[in-house]
Colleague: 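Below: one structure in structure tokens.
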Amino acid sequence: MSGAMTLTFANTGRINAMSGGLCRSDDFQTAYDRMIPFVVAGFERVCGRLNNR
């Protein structure tokens with residue numbers, strides 16, 4: 001999570017290059033909107049949703 005946030009919000013232009021221009025490294029709202037569900041899903045998968053495994 002920390003690495004994804006750091007690399008996304010660093011605004012290096014790498015996202016632009018890797019996506020072939022489909023994504024913009026300065027579009028922080030979209031990054032935020034997509035990152036939160038992604039991170040939550042990762043925690044749920046690792047920890048078990050509401051402790052149900």
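For the single chain, residues carry numbers from 1 onward in sequence order.
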Colleague: Please answer: with hydrophobic residues joined when any side-chain heavy atoms are less than 4.5 Å apart, are Ile15 and Met5 in the same cluster?
Modeller: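 No, no single cluster joins them.
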Colleague: Return the set of residues passing side chain to side chain donor-acceptor pair (under 3.5 Å) with Thr30 (not counting sequence neighbours), or none when no residue passes.
Modeller: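 For Thr30 the side chain to side chain donor-acceptor pair (under 3.5 Å) partners, ignoring immediate neighbours, are Asp27.
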Colleague: When rounded to the nearest 0.5 angstrom, what is the spacing between CE in Met1 and OG1 in Thr6?
Modeller: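 Going from the CE atom of Met1 to the OG1 atom of Thr6 covers 9.5 Å.
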Colleague: Checking Arg24 now: which residues fulfil side chain to side chain donor-acceptor pair (under 3.5 Å) with it, not counting sequence neighbours?
Modeller: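 Partners of Arg24 by the side chain to side chain donor-acceptor pair (under 3.5 Å) criterion, ordered by chain and then number, come out as Asp26.
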Colleague: Tell me which pairs pass side chain to side chain donor-acceptor pair (under 3.5 Å) where either residue lies in residues 13-23, with sequence neighbours left out.
Modeller: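 Every side chain to side chain donor-acceptor pair (under 3.5 Å) pair that includes a residue of residues 13-23, provided the two are not neighbours, is Asn16-Ser25.
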Colleague: Mind jotting down which residue pairs meet the ring-ring contact (aromatic ring centres under 6.0 Å, His included) criterion with at least one end in residues 15-38? Sequence neighbours excluded, please.
Modeller: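 Pairs touching residues 15-38 that pass the test: Phe9-Phe28.
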Colleague: Which residue pairs pass the salt bridge (charged side-chain N to carboxylate O under 4.0 Å, His left out) test when at least one of the two sits in residues 1-10, sequence neighbours left out?
Modeller: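 Passing the test, one end in residues 1-10: no pairs.
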